[in-house]
Structure formats: C-alpha cells, structure tokens
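Some notes on the structure that comes next.
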Amino acid sequence: MRITPGSLVKNIDRLIFIFFLLFLVSLTNSIFVNQVGYFGALLLVLFRFIITKENQFNRTGLELAFVLFIAVEIISAAFSEYPAQAFTNAFKRSLLLPIVYTTAIAAVDLKKAKIFFKVYIGASLISVLIYLYFAYRHFIENLYGLTQSGPSIFQYPITASEIISFTVVFLFAFSLNEKTKFQTKLLLIAGFVLSTVALLSTYKRTGWTGAAFGIFVILLMRKQWKIILGGLLIFMVLLLIEKNESLVTVLDYNDESTKIISQLATEGRASDVYPLGNDNFILSDYQNGLVEIKDSTIVGKIETPSPAIAFTHWKDSFYIAQLIDTRFLVLKKKSEKFEIVNEVVSPGFTTDYKISNGYLYIQDRDSGLTVFRDPDNPADSLRFPGLNKYFSICPDSSGMILRSTNGELHFIRFENFLPVNNSISIIDSGSYDVIHSYSHKILASNKNGLKVFNVTEQGVKLSNELKELNKVYRIYSAGEKVFILTTDQKIVELKIESHNQLSVVNEISIGYIPNSLAYDDGKLYLTKVKSSRLLSIFDPYNVTNITRLALWRGGIEIFKNYPLFGVGDIGIENYYRKYKQPYDKEIQGHLHNNFFHILATLGIIGLSVVCFLFYKIIKINLHIYSSVKNEKFLSSYALGAMGSFSAFLVSGLTELNFGDQEIITLVWFITGLNIAFYKLYSAEVSSLDQK
C-alpha cells in the first residue's frame with residue numbers, strides 16, 4: 001500500500017491528537033505518562049514541519065519573555081559555581097516552554113480545543129475521586145492529627161493541593177459564569193464541591209490560599225460584590241470562632257478503672273510532660289516555655305529562647321530541654337529551682353535524641369551522631385558523621401539500634417558507650433515506623449505489628465512479636481510499665497515477662513490522639529494539642545512558618561552576595577548552609593517561595609525577567625477575557641485561566657511551584673489553551689465577517 005504525503009500528514013495529525021490526549025489524562029496523576037504524551041506530540045509536530053515545511057508555531061505574545069528567560073538561565077549558569085547542574089535545569093525548563101505552542105497546534109479547531117479541556121477536567125475529577133477515597137481512609141485511621149497532612153497518592157500532598165486548586169478554580173468559573181442546562185449546571189457544581197472537599201483533604205494551606213485567591217479574582221472580574229463581601233464576612237467570622245486548644249489531663253490509672261483527676265488548659269501548646277514526683281511536673285508548653293505545675297497550679301516558669309517541646313533528666317542535678325530549633329538547654333536544679341546553665345547544639349537537623357549511660361546522644365539526619373558526655377561542659381563531645389541518614393536511635397550499654405531513612409533497623413556495637421564505626425550490621429530490613437528502648441530490649445513497630453528484640457553483648461535477636469498491635473505511633477516506658485499509643489485513639493499497656501513473652505495488661509480508649517504521655521506513681525499524664533489549620537496561616541510559632549521565614553532570610557543573604565545573576569538554577573542547599581542562621585536546621589534545595597528562590601538563583605535580573613513573564617501572561621489573559629466575555633464556554637474558560645494563574649502566583653508565595661514540573665506543566669497548558677481558544681475564535685469571527 002502506497003502512502004501519499006497527504007495521508008502521512010493526516011496520520012501524523014491523528015497521532016499528535018492521541019499523544020496530546022495521553023498528556024491530558026495524566027496531567028493530574030502521572031508525571032512520567034504526562035511527559036511521554038507531551039514529548040511524543042512535540043516530536044510529531046516537529047516531524048510534520050520537516051516533511052511539509054508548514055510552520056504551525058504561531059506567535060503567542062510571550063516570545064520576548066521566553067527568550068529573555070532562557071537567556072538569563074544560560075547567563076546565570078555560565079557564572080554559576082555548579083554549571084553542569086545549572087545548565088541541566090535551564091535545559092529542562094526550556095523544554096517545557098513549547099507546551100504553550102504544542103497545545104495551540106494540537107487544538108486545530110474549537111471543537112477539539114473544547115474536547116481537550118473536558119478531557120483534562122474529567123481526568124482531574126477521576127483523580128479527585130481516587131484522592132477522596134484515600135483521604136477517607138486517612139481520616140478514619142486518625143492520621144490527620146498525627147501527620148498534619150493529607151495522604152500522598154500521585155504526588156506529595158502539597159503538590160496535589162495546588163493541582164486540585166486549579167480544578168476547583170475552573171469548575172467555580174464554569175459554575176458561576178456558564179449559562180447552560182440545569183443538569184449540566186448541577187454536574188459542574190457537584191464537581192466543584194467534590195474537588196473542594198479533596199482540596200481541603202490535602203490539609204495543605206498552599207493550595208487552600210491559592211484556590212481562595214483564584215476564586216476571589218474570578219468574582220472580582222465578574223464584579224460579584226455581594227458574594228465578595230459575604231465571603232469576606234464568613235472568613236472574618238471563621239477567624240473569630242476558630243481557636244487552638246491545649247490541655248493537660250491527669251488520670252488516676254490502675255488495672256480496674258481509669259478516671260480523670262484534673263485537666264489544665266495551657267497558654268502555649270502542651271508538648272510534653274515530665275513528672276517530678278509528689279504530683280509535681282514540668283510542662284514543655286511550646287511558646288510558653290517550661291512551666292512547673294503542682295496540684296494543677298503553676299508554681300514556676302522558665303522562659304526559653306525558642307519554643308520548648310520536651311524536658312527530661314540527664315544525670316545528677318542536670319536536666320535538658322529540647323527546643324523547636326533543635327537546640328538543647330542544660331538546666332541545673334538548685335534549691336528546688338531550675339536554672340539554665342548551658343546550651344547544647346548539634347551541627348545538623350536533629351531527628352532524635354536519647355540519654356543513656358550518662359551521655360546525651362543526638363541524632364542528626366544529615367550530619368550524623370553527636371555524643372555529649374558532660375552536662376557541665378558541652379565542649380566534651382564526640383562526633384560520628386558517618387552515622388547519617390538515620391532518623392531514630394536507641395542506645396544501650398552494649399550498642400545502639402538505629403532506624404534508617406527507609407525504616408531498616410541497624411545495630412552498631414559500643415566500646416566505652418561509644419560507637420565502633422566498622423561494626424554496623426542490619427537487624428531487620430522491614431520498614432519500621434517507631435522504635436523504643438526498654439530494659440535491654442528494643443520495641444519496633446510497623447504495619448505488620450510490634451516486635452521485641454533482645455540486646456546483649458553478643459548482638460540483637462528477635463524474641464517476640466504482637467501482630468495485632470499494628471497501629472502504633474508512639475511508645476513510652478516508665479519503670480516496669482510500657483505504654484503504646486495507637487492511631488485508633490487507645491492507650492495499651494504491655495507487660496514483658498522474664499521469658500520475653502508479650503502480653504496486653506490494659507487497654508483504654510480516650511477519644512483523641514495524645515501529643516505525649518507520661519506515667520508516675522499511679523498517674524497518667526496526657527497532653528492534647530488541637531491547632532486550627534486556618535489560624536496557623538498567621539501563626540508565627542507554626543513549625544512550617546518558622547522554617548519558611550528562615551529559608552527566606554537565607555535567600556536574601558545569598559542574593560546580597562550574588563545580586564545580578566544569582567548562583568545559578570541549582571539546588572540551593574549548599575549555599576543555604578553557609579548563609580542561614582546557626583539554629584536554622586531545616587536544609588532544603590529550594591526556598592519555598594518563587595520570588596525569594598529566583599532572586600537567589602537568577603539574581604535581580606532573573607527575577608525581573610520572570611516578573612515580566614508573569615505580567616505578560618496576566619495581560620494576555622485579561623485581554624482574552626475582555627474579548628470573549630460574551631461568548632459561551634470561552635468566557636468561562638478565560639475566567640478559569642485567569643483565576644488558576646492567580647492561584648499559582650499566590651501559592652508560589654509559600655512554595656517553589658514555578659520550579660515544580662507538575663505545576664508549571666499545568667500552567668503552560670492552561671495558558672496555551674486559552675491562547676488557542678482566542679485565536680480560533682478570532683479566526684472564526686474574521687471568517688464570518690469576510691462572508
């Protein structure tokens with residue numbers, strides 16, 4: 001069969017259409033399939049140009065901004081100390097820009113352009129339904145209060161929140177603007193409600209604030225003043241009625257019954273309780289510092305330089321308090337009063353610490369283990385940087401169990417209570433979530449249950465397990481008692497017999513997930529913290545807010561030394577280590593903000609170019625809406641395009657979504673399809689005018 005040039009071109013066009021559909025159905029759920037669809041369509045477009053010499057790449061109005069962006073990426077990479085990485089990232093970002101043109105080329109007429117949008121929204125709603133299923137499972141397993149995040153399905157929850165926010169904004173635009181049949185309107189509203197619930201289920205403020213601003217922009221463009229004022233009023237009321245809750249509950253605990261002795265609301269956030277005996281305890285109350293309480297009455301308070309999250313005994317009259325910035329305060333008890341006498345700091349990001357053998361062992365996930373031997377002399381310390389990539393530690397007299405980043409259990413032998421670097425062995429390759437040391441035993445938990453390992457001079461050996469305890473999120477021990485906190489809101493007391501048999505002594509349901517637990521003299525001390533997700537947006541003590549502010553400060557310091565073209569489009573972690581404050585421990589490859597990150601990586605010239613690019617997109621979107629605002633479907637899409645880009649900009653204030661391939665791919669597609677709709681509509685109008 002002879003293939004004519006005409007039939008070849010038709011087949012290429014069909015393949016472009018098919019690959020672009022593949023691109024669309026995977027926009028919200030698979031970055032790999034998405035890129036196969038995009039690059040397949042792009043290569044076919046280029047092949048079509050080679051055989052026909054027909055240039056389908058029409059001007060969009062973004063050409064100058066794109067050229068300037070590519071130029072500043074190249075110049076910045078040329079001056080970078082890491083040119084290979086900078087040029088690689090510049091190349092990747094440049095390859096995504098033709099999405100705008102490929103979308104316009106694939107949309108050969110208004111019918112296909114509408115099909116593209118409907119396929120994108122339909123696939124997005126399927127992803128939403130899948131996410132809602134897993135979010136429901138996440139909810140019934142009480143994981144929201146524990147993780148402060150929604151489930152991770154197709155991508156990280158923060159990325160999912162931004163992707164879903166675009167769906168929310170588009171469906172809102174069509175629900176508000178589209179004049180259509182009642183059944184269609186009902187489907188649009190149902191889709192909007194479902195996607196909004198999914199967005200809330202991500203539990204990520206980045207997507208929430210972006211979607212809210214996108215909807216606000218749409219209402220502003222439609223001049224819906226009553227809805228805007230009503231929405232602002234509802235928001236203000238929510239701010240007034242929302243509240244944070246912090247509570248310490250003391251229970252009279254025995255095998256026969258459990259009753260509440262007292263409850264105390266705290267001014268800060270009850271993070272941890274350390275009993276001192278005689279109904280006296282120290283509360284680590286976060287921003288409220290360390291509070292000494294006796295018989296439900298505050299008898300003393302110690303202010304801390306940053307929020308306090310834990311307090312425990314070191315040795316003799318020395319105690320330590322852990323702060324949120326991973327510093328440790330050393331306190332000494334003098335005449336029944338606690339006094340801060342020293343400060344202990346490990347070099348990296350602390351994920352765990354334990355006191356054993358009279359030593360303080362601090363585990364940093366990036367810089368290894370640091371051992372402090374003398375509370376009166378913090379300089380008396382030893383570092384083991386090779387023990388990095390571990391999250392949890394359980395030291396004993398003969399050695400230490402370490403939980404790796406992938407959940408494996410490793411054992412390292414001790415000499416004089418210090419690690420012997422060449423003696424690491426794997427105990428169990430299962431993915432464990434929690435480990436705890438108790439009386440020369442290690443309790444390790446994962447979804448398959450709880451295991452007990454014996455630690456001896458000869459090594460570590462599995463001794464017993466309870467498969468039914470598969471919802472453990474924290475383990476505590478006090479004297480001979482071992483308590484398990486589970487995600488189904490229970491406290492389980494275990495007993496480990498001399499022959500290593502495990503048995504459940506007691507089990508009580510408390511109706512919430514405690515932040516911490518402590519036991520002393522027949523009493524259980526539970527802390528409960530319930531923070532409003534809405535109020536956390538404005539909370540200076542919120543952990544992620546603290547981290548972001550620290551990252552932004554570091555970005556400004558980097559910019560000061562590299563003002564024109566920045567350090568190159570690279571992972572920023574190596575520079576951030578140099579320019580951050582000493583107690584800012586969270587090291588990341590980006591600065592969680594488009595503008596600060598671009599300022600640091602591409603300098604003031606790069607930021608100016610990117611702002612010019614954003615300005616051009618806004619200008620084009622506004623022009624398109626003003627031109628088609630009386631046209632069914634087109635005006636609704638133009639509203640959604642402007643609203644979703646506005647959502648992207650606001651989300652970019654707390655996330656580097658300009659550098660997130662999944663998000664920026666969506667932005668370029670939405671922009672390209674908006675331009676395609678406008679050009680096809682203009683051509684149709686022009687054709688009618690000529691007739």
Side-chain angles (χ1 to χ4, degrees), residues 69 72-90 93 158 206 287 304-307 323-328 343-351 364-367 370 385 388 537-614 649-660:
F69 175 66
V72 80
E73 282 271 352
I74 292 171
I75 295 170
S76 177
F79 286 111
S80 176
E81 294 179 50
Y82 303 91
Q85 185 185 358
F87 275 115
T88 299
N89 286 336
R93 304 211 195 289
I158 195 166
T206 298
Q287 73 268 25
T304 54
S306 71
L323 307 183
I324 193 65
D325 57 15
T326 75
R327 277 183 284 179
F328 292 83
E343 190 173 276
V344 169
V345 183
S346 64
F349 188 85
T350 301
T351 55
D364 296 338
R365 72 182 182 199
D366 49 2
S367 58
T370 307
N388 56 1
I537 296 172
F538 313 100
D539 184 359
Y541 295 108
N542 181 273
V543 176
T544 56
N545 292 354
I546 292 171
T547 299
R548 278 167 168 76
L549 290 170
L551 289 167
W552 301 345
R553 284 194 301 267
I556 291 173
E557 294 303 314
I558 295 170
F559 161 70
K560 288 178 181 178
N561 277 8
Y562 301 87
L564 292 180
F565 292 101
V567 298
D569 191 354
I570 60 173
I572 207 79
E573 59 271 19
N574 289 333
Y575 286 96
Y576 182 68
R577 285 189 179 94
K578 299 177 185 177
Y579 292 96
K580 69 179 181 65
Q581 296 294 319
Y583 302 127
D584 297 333
K585 297 295 189 71
E586 180 71 62
I587 309 294
Q588 296 197 17
H590 64 87
L591 299 177
H592 273 289
N593 179 288
N594 284 336
F595 303 99
F596 284 118
H597 187 85
I598 292 168
L599 193 65
T601 56
L602 300 181
I604 191 65
I605 294 177
L607 180 61
S608 300
V609 167
V610 172
C611 287
F612 174 66
L613 172 59
F614 291 167
L649 291 178
V650 168
S651 294
L653 296 177
T654 55
E655 184 63 20
L656 181 64
N657 55 9
F658 185 70
D660 189 329

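Keep in mind it's a predicted model, so treat the numbers as computed, not measured.
The closest donor-acceptor contact from the side chain of Ser76 to the backbone of Phe565 lies under 3.5 Å. A donor-acceptor pair under 3.5 Å is absent between the side-chain atoms of Asp364 and the main chain of Asp366, judged by distance alone. Checked by atom type and distance alone, the side chain of Asn545 pairs as donor or acceptor with a backbone atom of Asp539 at under 3.5 Å. Side-chain atoms of Ser651 come within 3.5 Å of backbone N or O of Thr206 as a donor-acceptor pair. Panel note: side chain Asn593, backbone Leu653; a donor-acceptor pair is recorded below 3.5 Å.
Listed by chain and residue number, Tyr82, Ala86, Ile570 satisfy the side chain to side chain contact (heavy atoms under 4.5 Å, CB included) test with Ser80 (two or more places apart in sequence, or in another chain). Applying the salt bridge (charged side-chain N to carboxylate O under 4.0 Å, His left out) rule to Lys578 yields no partners; only residues at least two apart in sequence or on another chain are considered. Residues satisfying the side chain to side chain contact (heavy atoms under 4.5 Å, CB included) criterion with Asn561, sequence neighbours excluded, are Tyr579. Listed by chain and number, the residues in a side chain to side chain contact (heavy atoms under 4.5 Å, CB included) with Ser306 are Leu323, Ile324, Asp325, Arg327 (sequence neighbours excluded). Scored by the salt bridge (charged side-chain N to carboxylate O under 4.0 Å, His left out) test, Glu81 finds no partners at all (sequence neighbours excluded).
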Working for side-chain contact (heavy atoms from CB on, under 4.5 Å), residues Phe87 and Asp569: CA-CA 8 Å; Phe87 275 115; Asp569 191 354; over 6 Å; no
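In this structure, Thr547 OG1 and His592 NE2 are separated by 8.0 Å, a value rounded to the nearest 0.5 Å.
The aromatic ring centroids of Phe69 and Phe658 lie less than 6.0 Å from each other.
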Under 3.5 Å, side-chain donor or acceptor atoms of residues 596-603 against the rest of the protein: list the pairs with distances, not counting sequence neighbours.
unit_1	atom_1	unit_2	atom_2	d
His597	ND1	Leu591	N	3.4
Thr601	OG1	His597	O	2.8

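Summarising the local packing, CZ of Phe614 is surrounded by more than 12 heavy atoms from other residues, nucleotides or ligands at distances under 6.0 Å.
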